Number of protein chains: 2
Amino acid sequence: MGQRRTEVLRAAIELLDEAGLDALTMRLLASRLGVRASALYRHYPSKQALLDAMVASLVGPASVPEEGTWEESLRGAASGMREVMLAHRDGARLISGFHHPGDEAVAVFTRLVEALAGAGVPAEGAAVAVDTVLAYANGYTIEEQARKTEWPRAERDRAFDAGLELIIGGIRTSLP
Amino acid sequence: MGQRRTEVLRAAIELLDEAGLDALTMRLLASRLGVRASALYRHYPSKQALLDAMVASLVGPASVPEEGTWEESLRGAASGMREVMLAHRDGARLISGFHHPGDEAVAVFTRLVEALAGAGVPAEGAAVAVDTVLAYANGYTIEEQARKTEWPRAERDRAFDAGLELIIGGIRTSLP
DNA sequence: ACCTGAACACCGTTCAAGT
DNA sequence: ACCTGAACACCGTTCAAGT
């Protein structure tokens with residue numbers, strides 16, 4: 001049944017990558033599918049609903065590793081978030097622009113807090129730590145993707161990791 | 001001479017606060033000024049140019065304290081950035097959406113790096129530290145302002161400060 | 001110097017109607 | 001179930017013309 005819905009979603013992500021978020025228009029998307037814009041409203045009630053579905057689909061694969069130290073969990077979640085955003089044109093703007101609590105994001109958060117708690121980090125400190133790492137990853141990546149002046153990916157990775165280790169070091173020394 | 005230009009800018013910021021970034025329309029702004037939209041193009045060559053001017057005017061007051069420890073400089077810059085964003089409706093989206101290197105932002109950055117260097121922090125480490133703190137402040141505030149579910153300002157301040165201290169602690173322990 | 005009027009090429013969205 | 005045609009109420013921007 002609703003497989004045309006999936007096709008619309010796929011085409012929307014394709015158009016995002018090719019033309020960017022500002023050019024992602026219901027009318028243009030429809031013409032890519034050989035259809036009129038009004039036909040899209042059979043599948044998504046609004047453009048916003050389509051954008052929400054895109055975010056969910058891009059962010060879905062983000063996860064936190066099941067095992068390892070809390071340092072590894074934090075690193076994996078932060079890098080995974082950044083990877084997801086960098087994987088698509090305007091990914092950071094799209095994802096950070098509309099991420100209400102968002103089911104999946106909440107799950108990642110609680111899983112991380114549990115990982116820290118399991119390693120003996122007090123609950124309150126764990127929540128702050130996770131919040132801080134995720135805010136950093138979002139902030140870094142938004143700025144990274146907004147800047148036109150592309151310095152090489154390898155150097156951007158190094159700078160991101162250096163900041164991440166700084167925060168992890170801070171968490172470690174805040175432990176009892 | 002160009003004082004009507006300033007009036008347009010002031011009205012634009014007023015409209016931003018009252019109606020939000022999405023409702024900030026050349027046509028609506030013009031009607032607020034008792035004028036047609038086309039008249040605005042005498043003062044700003046495009047809507048984007050107006051938005052740039054708004055960012056410059058909001059972010060201008062942001063500064064880093066002249067004296068104090070490097071910890072205080074970092075705290076001041078991060079809190080100042082957040083304050084500026086929170087001071088206007090959709091401030092985070094507007095500012096983070098278009099901040100090319102931006103004269104003033106570059107000055108803040110270099111002033112902070114110098115403050116750390118003056119305190120004996122090696123140049124490379126100082127740049128990473130400043131980048132990390134600013135990325136955190138941006139990331140935290142964007143998320144804070146995007147979330148509808150308002151928890152009290154005092155608690156949000158506390159959470160922001162806790163993350164900031166975590167990072168500052170990490171910087172401190174990374175010192176030689 | 002500043003503004004109007006009219007136009008151009010677009011938007012998102014709705015809704016009756018078709019197959 | 002899926003799509004068309006036509007419309008509605010908007011956009012940003014340009015440009016000749018007015019004062």
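All of these numbers come straight from a predicted model, not from anything done at the bench. A, B, ... follow the sequence lines: proteins, then strands. Residue 1 opens every chain.
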Taking D:dT14, C:dC3, C:dT13 as options, the one with an atom nearest any side-chain atom of B:V35 is C:dC3
Any donor and acceptor pair, going by atom type alone, linking the side chain of A:R5 with main-chain N or O of A:H43 inside 3.5 Å? yes
Sidechain N-carboxylate O distance under 4.0 Å for A:E83, A:R153: yes
Using whole Å, report how far [atom1] of [X] lies from [atom2] of [N].
X: B:D22; N: D:dC11; atom1: CG; atom2: P; answer: 12 Å
X: B:L15; N: D:dC11; atom1: CG; atom2: P; answer: 11 Å
X: B:L29; N: D:dT13; atom1: CG; atom2: P; answer: 12 Å
X: B:K47; N: D:dG12; atom1: NZ; atom2: P; answer: 4 Å

Just N and O in the side chain of B:R4: are any of them under 4.0 Å from OP1 or OP2 of C:dC3? yes
So, is A:H43 close to the D:dA1 phosphate, meaning a side-chain N or O under 4.0 Å from OP1 or OP2? no
5′-ward residue of the pair A:S46/B:L40 relative to DNA chain C: B:L40
Starting from the 5' end of DNA chain C, give me the residue, B:R27 or A:L28, whose nearest nucleotide shows up first. B:R27
Check the pair A:V133 / A:I171 against side chain to side chain contact (heavy atoms under 4.5 Å, CB included), numbers first and verdict last. CA-CA 10 Å; A:V133 165; A:I171 298 171; 4.1 Å; yes
5′-ward residue of the pair B:T25/A:R42 relative to DNA chain D: A:R42
What do you reckon, is CD of A:E155 surrounded by more than 12 foreign heavy atoms closer than 6.0 Å? yes
Looking across every strand, which nucleic acid part, if any, lies under 4.0 Å from B:R36 by heavy atom: base, sugar-phosphate, or nothing? sugar-phosphate
Base, sugar-phosphate, or nothing: which does A:S38 touch, judged by heavy atoms less than 4.0 Å apart? base
Pairing partner of D:dT19, by Watson-Crick or G-U wobble and under 3.5 Å for both distances, is C:dA1
Searching all strands shown, indicate the nucleotide that pairs with D:dA6 (Watson-Crick or G-U wobble; both distances under 3.5 Å). C:dT14
Between D:dA9 and C:dA9, how far apart are the P atoms? Round to whole Å, please. 22 Å
Measuring only between side-chain heavy atoms, which start at C-beta, is A:L112 closer than 4.5 Å to A:V108? yes
